[in-house]
Protein chains: 2
Amino acid sequence: MQTYRNTKQRTRILEVLRSTDTHPTAAWVYDRLKFEFPSLSLGTVYRNLTILEEQGSVVRIASGSTFDRYDAVVTPHPHFRCLKCGGLYDTKDMSQDAISYPEKTASGHLITKMVLEFHGTCAPCLEKRPASGEMKI
Amino acid sequence: MQTYRNTKQRTRILEVLRSTDTHPTAAWVYDRLKFEFPSLSLGTVYRNLTILEEQGSVVRIASGSTFDRYDAVVTPHPHFRCLKCGGLYDTKDMSQDAISYPEKTASGHLITKMVLEFHGTCAPCLEKRPASGEMKI
DNA sequence: TCAATAATCGGAACGATTATTAATAATGGA
DNA sequence: TCCATTATTAATAATCGTTCCGATTATTGA
Ligand SMILES: [Mn+2]
Ligand SMILES: [Mn+2]
Ligand SMILES: [Zn+2]
Ligand SMILES: [Zn+2]
């Protein structure tokens, strides 16, 4: 087994992640901290995000073949993903707590987590791209 | 606008995808067809899977920084993802039809699709890795 | 048949992530 | 406090899935 040490970099990476609800990428966290740590490496951000995930402090949200995103809110909750801009939002009005599921599927797969996402077009993108016939004059 | 033409490659890619329920990757489809089309290019498989998705014949299942998977079953249904081996399964006993959701979220995001996944350890991996204390003698 | 152009092939390019290595610094014990 | 151990860092190279490119081929409608 391996013991974790506390570093300024890891502490700040977690703090930055806790300060936003935009589900940032590793590169976004890096850009936020590179002035505070002029010698910070992007690899360090990636490695620490992985360690924080192992420790249960953050959750990794896969985003197709593009970049992963991270969330410091580790309680299960659904997300809305915009297919136009790629934005990932919390949906304050919706929760996944009421959806129940068995410990095992009929095929014997052990379930430890449920992931729920809604896909579509986010409010800002709806403003920008009015559907044909709704164009403002 | 652009018109689609019919090619042997695209036809067979769709047929191969319809012949399995393992939610294959582009590379898997390529391996299946490279003998039938000795000059087949992996790029051709990728491009056609994207076109088939545009046409609504297949669905892309994103898997973070690993490879994407494809499903020729385009009606919405949940999947089980094994965190040990990466396997992706249909869950015949579960459906997402009963879960209702609004057309728009409270924040005004337009919902067009719901994606539901269960994560855990699949039955074959449970066999292989018995939990401590359950080791067979 | 024939021109227009979508699709293919092979390989290069790309972007996100991971691995490598030597230097650095956090940690626990003397 | 000082020191030995070793986890962590920074810089960079390597990897990996995917997309793009240019030249060639094949489909399509007229
Ligand atoms: Mn969230
Ligand atoms: Mn499926
Ligand atoms: Zn958007
Ligand atoms: Zn498995």
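Because the structure is a prediction, the values reported are computed rather than measured. The figures here come from the full heavy-atom set of this structure, side chains too, leaving out hydrogens, waters and symmetry mates.
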All pairs passing salt bridge (charged side-chain N to carboxylate O under 4.0 Å, His left out) where residues 106-121 of chain A contributes a residue, at least two apart: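 Counting only pairs at least two positions apart or across chains, the salt bridge (charged side-chain N to carboxylate O under 4.0 Å, His left out) contacts touching residues 106-121 of chain A are A/Arg81-A/Glu117.
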Which residue pairs pass the salt bridge (charged side-chain N to carboxylate O under 4.0 Å, His left out) test with at least one member in residues 68-80 of chain A, sequence neighbours excluded?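 Only A/Arg60-A/Asp68 qualify under salt bridge (charged side-chain N to carboxylate O under 4.0 Å, His left out).
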Set of residues satisfying side-chain hydrogen bond (donor to acceptor under 3.5 Å, both in side chains) with respect to [X], sequence neighbours excluded:
{"X": "B/Lys92", "result": "none"}
{"X": "B/Thr91", "result": "none"}
{"X": "B/Thr20", "result": "B/Thr22"}
{"X": "A/Arg32", "result": "none"}

Nearest-angstrom distance from the residue atom [atom1] of [X] to [atom2] of [N]:
{"X": "A/Ile51", "N": "D/dT6", "atom1": "CD1", "atom2": "P", "answer": "17 Å"}
{"X": "B/Glu54", "N": "C/dA6", "atom1": "CD", "atom2": "P", "answer": "13 Å"}
{"X": "B/Tyr30", "N": "C/dT8", "atom1": "OH", "atom2": "C1'", "answer": "13 Å"}
{"X": "B/Phe37", "N": "D/dA26", "atom1": "CZ", "atom2": "C1'", "answer": "13 Å"}
{"X": "B/Leu33", "N": "C/dC9", "atom1": "CG", "atom2": "P", "answer": "11 Å"}

Considering only Ile, Leu, Val, Met, Phe, Trp and Tyr, and joining two whenever side-chain heavy atoms are under 4.5 Å apart, list the other residues clustered with B/Val73.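 So far as hydrophobic clustering goes, B/Val73 is joined with none.
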Report for the helix from C/dT1-D/dA30 to C/dA30-D/dT1: angle between first-end and last-end helix axes, five pairs each, rounded to 10 degrees.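 The value is 40°.
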Quick check on B/Glu54: does its CD atom have over 12 non-hydrogen neighbours (other residues, nucleotides or ligands) under 6.0 Å away?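 Yes, the 6.0 Å shell around CD holds more than 12 heavy atoms from other groups.
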Side chains of B/Glu103 and B/Ile111, heavy atoms from C-beta outward: is any pair under 4.5 Å?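 No - every pair of side-chain heavy atoms lies 4.5 Å or more apart.
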Euclidean distance, B/Leu40 CG relative to B/Ile13 CD1, rounded to 0.5 Å: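 One finds 6.0 Å between CD1 of B/Ile13 and CG of B/Leu40.
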Heavy-atom closest pair, residues B/Val58 and B/Tyr70: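 Between these two residues, the closest heavy atoms are CG2-CD2, 4.2 Å.
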Would you please name every residue forming a ring-ring contact (aromatic ring centres under 6.0 Å, His included) with B/Tyr89, sequence neighbours left out?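 Checked B/Tyr89 against ring-ring contact (aromatic ring centres under 6.0 Å, His included); matches are A/His109.
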Using a cutoff of under 3.5 Å, can you pull out all pairs of nitrogen or oxygen atoms linking the protein to nucleotides 10-16 of chain C, with atom names and distances?
unit_1: C/dG10; atom_1: OP2; unit_2: B/Ser39; atom_2: O; d: 2.8
unit_1: C/dG10; atom_1: N7; unit_2: B/Ser41; atom_2: OG; d: 3.0

Under 4.0 Å, heavy atom to any atom of DNA chain D: which of residues 8-28 of chain A qualify?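 Heavy-atom contacts with DNA chain D come from A/Gln9, A/Arg10.
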Which nucleotide sits closest to the side chain of A/Arg60: C/dC9, C/dT18, D/dT19?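 From the listed options, C/dT18 comes nearest.
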Which atom pairs link the protein and nucleotides 28-30 of chain D when you take only N or O atoms and keep those under 3.5 Å?
unit_1: D/dT28; atom_1: OP1; unit_2: B/Asn6; atom_2: N; d: 2.9
unit_1: D/dT28; atom_1: OP1; unit_2: B/Asn6; atom_2: ND2; d: 3.4

Common cluster, B/Leu14/B/Trp28, ILVMFWY with side-chain heavy-atom separation under 4.5 Å: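 Yes, because B/Leu14 and B/Trp28 connect within a single hydrophobic cluster, where side-chain heavy atoms sit under 4.5 Å apart.
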